[in-house]
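Naming convention: chains lettered A, B, ... in sequence-line order (proteins, then strands); numbering from 1 in each chain. Below, each value reflects all heavy atoms present in this structure, side chains not excepted, and no hydrogens, waters or symmetry copies.
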Amino acid sequence: MKANYLDELNEQQREAVIHINGPLMIVAGAGSGKTKVLTTRIAHLMRNGVDAFNILSLTFTNKAAREMKERVEKILGGSEARNLYIGTFHSVFARLLRGEAHRLGYPSDFTIYDTDDAKSVIKTIINELNLDDKHYKPSFVYNRISAAKNSLMAPEEYLMDNLVQTEDMRANRPLIGKIYDMYAKRTFKNGAMDFDDLLFKMYVLLKSFPEVLHKYQHKFKYIMIDEYQDTNPAQYEIIKLLGAVNENICVVGDDAQSIYSFRGATIQNILQFEKDYDDVKVVKLEQNYRSTKSILNVANEVIAHNKGQIEKNLWTDNTEGDTIKLVRTMTDNEEGKFVADTIAEQKLRNHYDNRDFVILYRTNAQSRSFEESLRRKAIPYRIFGGLSFYQRKEIKDFVAYLRITMNTRDEESLKRVINYPVRGIGKTTIEKTIVLSNEHNITMWEVLERAREFGFKGGTVEAIEAFVVMIKSFQALLTTHNAYDVAVGVGKSTNLVKELFNDKTTEGLARYENVQELLNSIKEFTETPDEEGELLDKSMGSYLQQITLLTDADQGNDENSDVVKLMTIHAAKGLEFPVVFTVGLEETLFPSGMSINTREELEEERRLFYVAITRAKARLWLTYANSRYRFGNLVQNEPSRFLEEMPEKFIDRSYAGGGSVRNAFGGGNTSGWSNSGNMFDRMQRKTPGQQQQQQQPVQKPAPKPTFSGATTHVPSADFAPDDPAGMVPGMQVEHQKFGFGTITAMEGAPNNRIATILFPKGGGEKKIMLNYAKLRIVK
DNA sequence: GTGCCTAACGTTTTT
DNA sequence: CGTTAGGCAC
């Protein structure tokens, strides 16, 4: 261990590190060296005789856990760090639950359902109850159930709770409690836990089995929790239980960066920590080592608009640095182009590498325009988040085989693979199996095992038996082979790999490669030593439980690859970059239109903006578009209210540069609003139709006139969709597909109008939703 | 039972 | 606009 590790800390940091016993709260401002303090503190504990086996460190992302482990290893120099229990709440609890699952009636190889799996179960239940899944939307129900679990409310309590019941009644969805109850029973029957169960069941376990609680209270003598501001009541109660004996709880957080309330996190946990324990030591880390003065000042002033914070004063010794550039573009595509152009320019001018840039947005859907513009300029990039690798269909299919092999109770997986690839077990047979399993109160798998007994006949029973034999052969493999060999065996026997291999389409090729990647990851898992310390658990069960908790950001952590990164602001928490583009700063987008109805929601959006700003070390661009495509139609956006909250002094509002915008349209109207007047005054309102034309000054050549059937219409050379707002009955219009027609009637809400149009050559009268149709006004 | 076509739907944010 | 789920025809 390095002897001088304490010398590298400032006074407050050191104070936090050397506090060994008793509750400790570290209020760590953005960029104040939080991870350094946490890792050094772990090293310091160990140096003072604390056994690594007795330290539990909880984080929110696998990435943070990995980083922490690496940095502790670096300080300690030895292999002792391996014995630390470092991980996310979910992964640590999954591991603990695995060892204790039998007490709760779960198999130790319980399946972990991701959000999609859970919603699928919920949807099944909704259909079983003969409810309308358009009214009882699975995602809505899922969120209610999730919220219940995160506040430790079991189905029975949910049904009895007046407040909750009133809410459901008011939302006209009184049966959510019933669905929750059935969902809990069903997932239990399936031997499966969803994300929230990993917390909820952990709590139940500790609460119901005093000997288990005792065991872990004495194992985890020192507990550290990162990002404490993002913990929910379930996590809070578990920590309280685990730490009750020793009270060596160290929480680290920043109330200004609390951005996960939608997941049940409550900022109260950190605000109240001092009241939860006696003699809480509070340390504030207020020196920022990350950002320039300009960036930090803007961040501080923005966050000052929130009420009720822990008082702190974040400052920096760094240089003032560049001003923050505020950029307006006409459209989202121009925004993308501007950012790509600026990255190219900055690389030349200031010698940055691709890896120095990040593009941060509010919603994943915004990535598209940036992807396109970066691709066009041949700038390599990588998107973090979005669709996880493990959510892809081909991966889910493959994993479902592995899951059913490990846990035959898992009906979600069973239903997924029972007839894929096609083996002659159709809908009718599956329905029948479900009915039988309900009648006899056994699992679907048990029905299949005894198919002949239950009266399945002919080809069906043969197909079922072949399927059962196959899965059993996989189970047999498990006892003799490692996870990788089993997976390869599964791939061969099921023909899954072959099927994808034979699909020579581009998508088929990609799918084949994805499955190969999955196999590689299993191989890697079996071959590398277990990072989590503890027992070397190389089983398939362990692998499967782990992958569900991985996010895309954890995949391919080739941090060194020189690419521009794109991610949501949520995903960027805890990271830093020399140059940051925060994009889409428009009302209804950021702040999100979903989050402007209460002060609490709006303040969380503002904290999100604060997080975005404070990712930047040296340079920060804030961009927004005058109008952008949303659901396929062009919408106007006002600049985000947050832009008005920034101090003028550090902002360069005249900056609309980057070349492209100005060059394309001769300057003038795109150059932001400099010093005079209200910034909104100078925004020119344009109709979508006008913008469309400005965007494409050069008309695309008309499609080649090819032979077409009587129903196919070849659009006119100058075909360009017009603003539907101006369309009224009597007008002549041209539809891309149906040809020329006359509007005969108009109905629907003003923002969602439906026109009845008579197309003489295009199949008669049709109802067209104006929001989605491409129509050109002829006259 | 499979594949194709149409209609409907969607955008918060994630473990 | 893009995707996807469900209905319908082979």
Is S91(A) near enough to dT15(B) that one of its side-chain N or O atoms lies under 4.0 angstrom from OP1 or OP2? no
Check the phosphate of dT15(B) against K63(A), side-chain N and O only, distance under 4.0 Å to OP1 or OP2. Yes or no? no
Quick one: which of S592(A), S258(A), S261(A) gives a side chain to side chain donor-acceptor pair (under 3.5 Å) with E604(A)? S261(A)
Salt bridge or not for E462(A) and K457(A), using N-O below 4.0 Å? no
With a centroid cutoff of 5.5 Å and a plane-angle limit of 30°, would you call F60(A) stacked on dT15(B)? no
Just call it for F89(A): base, sugar-phosphate, or nothing, with non-hydrogen atoms closer than 4.0 Å on any strand. nothing
Can you name the nearest heavy-atom pair linking F370(A) to L566(A), along with the distance? CB-CD2, 3.8 Å
Rounded interatomic separation in angstrom, taking CG from D133(A) and C1' from dA5(C): 10 Å
Does the side chain of K393(A) get closer than 4.0 angstrom to OP1 or OP2 of dT4(C) through an N or O atom? no
Atom CZ of R607(A) and atom P of dT13(B) are separated, to the nearest Å, by 18 Å
What is the separation between atom CZ on F262(A) and atom P on dT11(B), rounded to the nearest whole Å? 14 Å
Aromatic centroids of F262(A) and Y260(A) separated by under 6.0 Å: yes
Side-chain N or O of N364(A) less than 4.0 angstrom from OP1 or OP2 on dT11(B)? no
Need to verify one output field. Residue with the more 5' nearest nucleotide on DNA chain B, G424(A) or I259(A)? G424(A)
Protein-nucleotide distance (L550(A), atom CG; dT15(B), atom P), rounded to Å: 10 Å
For R375(A), I'd like to know if atom CZ has over 12 heavy atoms of other residues, nucleotides or ligands within 6.0 Å. yes
Rounded to whole Å, please give me the gap between CG in N633(A) and P in dT11(B). 16 Å
Donor-acceptor pair under 3.5 Å, T115(A) side chain vs dT15(B) base: yes
Consider the side chain of K427(A), meaning its heavy atoms from C-beta on, and name the nucleotide among dT13(B), dT15(B), dG1(B) that approaches it most closely. dG1(B)
When the distance from CZ of F140(A) to C1' of dG10(B) is rounded to whole Å, what number comes out? 17 Å
State which of dT3(C), dG10(B), dT13(B) makes the closest approach to the side chain of F631(A). dG10(B)
With a 6.0 Å cut-off (strictly less than), is the heavy-atom count around NZ of K119(A), excluding the residue itself, greater than 12? yes
Among dT13(B), dG10(B), dT15(B), the one nearest T363(A) by side-chain distance: dT13(B)
Within the structure shown, what part of the strands sits under 4.0 Å from D196(A) by heavy-atom distance: base, sugar-phosphate, or nothing? nothing
Nearest of dT11(B), dT3(C), dT15(B) to any side-chain atom of R368(A)? dT3(C)
Measuring only the C1' atom in each nucleotide, how far is dT4(C) from dT13(B)? A whole number of Å is fine. 22 Å
Contact nearer the 5' end of DNA chain B, comparing G426(A) with R263(A): G426(A)
Which of these nucleotides, dT11(B), dT15(B), dT14(B), is closest to any side-chain atom of R630(A)? dT11(B)
What nucleic acid atoms does K123(A) come within less than 4.0 Å of, heavy atoms only: base, sugar-phosphate, or nothing? sugar-phosphate
Between N150(A) and dT15(B), is there a side-chain N or O to OP1/OP2 distance below 4.0 Å? no
Whole-Å distance between dT13(B) P and E604(A) CD? 14 Å
Write down the distance between NZ (K134(A)) and P (dA5(C)), rounded to a whole number of angstrom. 13 Å
